[in-house]
There are 2 protein chains.
Amino acid sequence: MTAPVCSDCAVRDRALCGALDDVQLGALNRLGRRRRLAAGERFAWAGDESDVCANLLSGILTLTTSSLGGEEQIVGLLYPADFVGRPWATRADFTVTALAPAELCVFPREGFERVLAEHPAMERLLLERTLAALTEARGRMLTLARGSAEARIAGFLLDIAARAGGCSGAPGLPVTFDLPLDRAGIARLLGLTIETVSRRLTRFERDGLVRLPARRAVTILDPDALARLAAG
Amino acid sequence: MTAPVCSDCAVRDRALCGALDDVQLGALNRLGRRRRLAAGERFAWAGDESDVCANLLSGILTLTTSSLGGEEQIVGLLYPADFVGRPWATRADFTVTALAPAELCVFPREGFERVLAEHPAMERLLLERTLAALTEARGRMLTLARGSAEARIAGFLLDIAARAGGCSGAPGLPVTFDLPLDRAGIARLLGLTIETVSRRLTRFERDGLVRLPARRAVTILDPDALARLAAG
DNA sequence: CGAATGCTTGAAATTCGTCAAGATCCGTGG
DNA sequence: CCACGGATCTTGACGAATTTCAAGCATTCG
């Protein structure tokens, strides 16, 4: 727990705080506390009372709901600069878990709500991001409802590739990256089983669409074919 | 196209406008135009430019995306008092279609954005609703990813029952209501085929969980059993 | 009455999950 | 350096659930 130093923040201009100038940032500076999460550690539990929200500084978080059978379904991934939590809600909707070591800038919810009210530009930014997240969630519903296992996994690989290796390499060149999730995680994200994920990935490799150099590593050899499969 | 009469509006205090007092409503009054949609008529097309948003006054709308196979997936239902469209976005994310004759209060997007900026209470309300919609969409992802056909349909019936016949009847008494969708619509909403929907509904009736007095009509006989199926 | 639409039903095919076994990777300690 | 053990991943065989394909029924409307 270190006092935050906003001017030195890795996501200073990408997170919600980007709506504030250096002076206004002072209010947040006094509110926020940094917190580190180890891989697998949880930040919130679905259904529990929660009076905090946060900006994600580094690492990746998952949002999960558990069906009554105890099975967890991942309903969202959070990346650095993303906002965590739900202002004006007293209970957490989802369980928040760190996939990898993560760092958060945590605010008391009520204090954060006051800051939002005082800084319309920040509230506006949160609204726009929430609208975008809603659109993305609805888009993912399409995949989960209709797509075959093949389509879901192809789309997942392209998503991660765009996010992880997006900036590297010219189009046409193979892109290599590390998956943020193990096979079980992919299964929980896509609503499949570990076995199906494994089988489909090996088949992609057998068919020359990807290469799997290591457990977590993937090289995209034929993004166009993957895109065709993802489209159904 | 009639000039709106906000004081006489059916959703005056449930829609976003509920955040405004009668005087402030004047600005919206000048902006809004009523528009009627026939059943099946479309209000927006996914991917097209869109410079309007609206409040739904009556009727039911669907939000759909079409996968490249031409198949449409329903990603959301909109009921009276719900907000339609996405401020600050120049393109429509989803196709908006009237399931039944509907009436909208339509605003030019940019004018509406100005009203939002001038009335923080309304922007706040939109933010809270968007956050709620996001939570709901993520919850539905669980159903679509993991739930069996049986669970999806049971949950759907309970959802509609709660919304349509929710206020009528004591607990324990059978509730009867009309489905807003035909079999094909239910299939598109739940990510199933028409045949599966039909088979499951017939089996529910055979097992005494529901009665199906007419094409669109449903009587819930055993809501607890349905809830168990939906959960599991 | 007849045609059109929407709904139901049946049989075959497919996909995915389940169960079970085996292989590979990786850290630990001998 | 190598052997061991646990975790993760792969592979196979089987079964259940859903889709697909194909009729047939019923309701509505001209």
Side-chain angles (χ1 to χ4, degrees), chain A residues 38-40 67 69-73 99-100 142-157 178-207 209-219 229-230 232, chain B residues 39-40 67 69-73 99-100 142-157 178-207 209-218 229-230 232:
Chain A
S67 85
E71 305 257 316
E72 276 192 343
Q73 168 70 27
L99 271 184
L142 175 63
T143 307
L144 292 176
R146 280 297 167 94
S148 61
E150 190 176 51
R152 295 185 204 186
I153 295 173
F156 167 76
L157 291 178
D178 265 24
L179 296 171
L181 299 149
D182 59 13
R183 298 289 186 271
I186 299 173
R188 285 202 305 273
L189 179 68
L190 301 179
L192 302 168
T193 59
I194 295 177
E195 293 94 325
T196 300
V197 172
S198 177
R199 274 189 256 266
R200 266 17 244 214
L201 281 177
T202 22
R203 178 176 299 190
F204 283 167
E205 184 171 40
R206 200 199 61 196
D207 295 348
L209 305 185
V210 304
R211 207 174 301 147
L212 303 170
R215 268 175 201 266
R216 292 285 190 107
V218 177
T219 304
L229 292 179
Chain B
S67 86
E71 306 256 315
E72 276 191 343
Q73 168 71 27
L99 272 182
L142 175 63
T143 307
L144 291 177
R146 285 297 168 94
S148 62
E150 190 175 50
R152 295 185 205 187
I153 295 172
F156 166 75
L157 291 178
D178 265 23
L179 296 172
L181 298 149
D182 59 14
R183 298 288 186 272
I186 298 172
R188 285 202 305 273
L189 179 69
L190 301 179
L192 301 168
T193 59
I194 295 178
E195 294 93 326
T196 302
V197 173
S198 177
R199 276 189 253 266
R200 267 15 246 213
L201 282 176
T202 321
R203 178 176 300 190
F204 282 167
E205 183 172 40
R206 200 198 62 197
D207 294 348
L209 303 185
V210 304
R211 206 173 303 146
L212 303 170
R215 279 188 169 194
R216 294 284 191 107
V218 177
L229 292 179

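Labels below follow one simple rule: chain letters A, B, ... track the order of the sequence lines, proteins then strands, and each chain is numbered from 1.
As a whole-Å value, the separation of R206(A) CZ from dG12(D) P is 11 Å. Between R183(A) atom CZ and dT11(D) atom P there is a gap of 11 Å when expressed in whole angstrom units. Atom CZ in R203(B) sits roughly 13 Å away from atom P in dA16(D) (whole-Å rounding). Remark: P of dA7(D) and CG of L181(A) are 20 Å apart, rounded to the nearest angstrom. Rounding to whole angstrom units, CD of residue E71(B) and C1' of dT20(D) are separated by 12 Å. Nucleotide dA17(D) holds its C1' atom 11 Å from the CD atom of E150(B), rounded to whole Å. One atom, CD of E195(A), and another, P of dA13(D), lie 15 Å apart when rounded to the nearest Å. Distance CG (L229(A)) to P (dT15(C)): 13 Å, rounded to an integer number of Å.
Comparing dT19(D), dC7(C), dG17(C) by their closest approach to the side chain of R215(B) singles out dC7(C). When the nucleotides dC7(C), dT10(D), dT8(C) are ranked by their closest atom to the side chain of D182(B), dC7(C) comes out on top. Checked against dT24(C), dT8(C), dT19(D), the side chain of T196(B) finds its nearest nucleotide in dT19(D). Side-chain proximity of S148(B) to the nucleotides dT18(D), dC16(C), dT8(C) is greatest for dT18(D).
To the nearest 0.5 Å, atoms CZ (R203(A)) and CD1 (I153(A)) are separated by 10.5 Å.
Residues L212(B) and E205(B) approach most closely at N-OE2, 3.0 Å, considering heavy atoms.
Residue T202(B) is classed as a sugar-phosphate contact, given heavy-atom separations below 4.0 Å to backbone atoms only. At a threshold of 4.0 angstrom between heavy atoms, the contacts of L192(B) are confined to the sugar-phosphate backbone, with no base atom among them. Among the protein residues, G185(B) comes within range of no part of the nucleic acid, since none of its heavy atoms lies under 4.0 Å from any strand. At the heavy-atom level, R200(A) lies under 4.0 Å from the strands shown only through sugar-phosphate atoms.
Without hydrogens or angle criteria, T196(A) side chain to L192(A) main chain gives no donor-acceptor distance under 3.5 Å. Put simply, the side chain of R152(B) gets close to the backbone of L144(B): a donor and an acceptor are under 3.5 Å apart.
Ion pairing of R146(A) with E71(B) is present here, as a side-chain N (NZ or NE/NH1/NH2) and a carboxylate O approach within less than 4.0 Å.
Between the base of dG10(C) and the side chain of R199(B) there is a donor-acceptor pair shorter than 3.5 Å.
In terms of phosphate contacts, S198(B) brings no side-chain nitrogen or oxygen within less than 4.0 Å of OP1 or OP2 of dC7(C).
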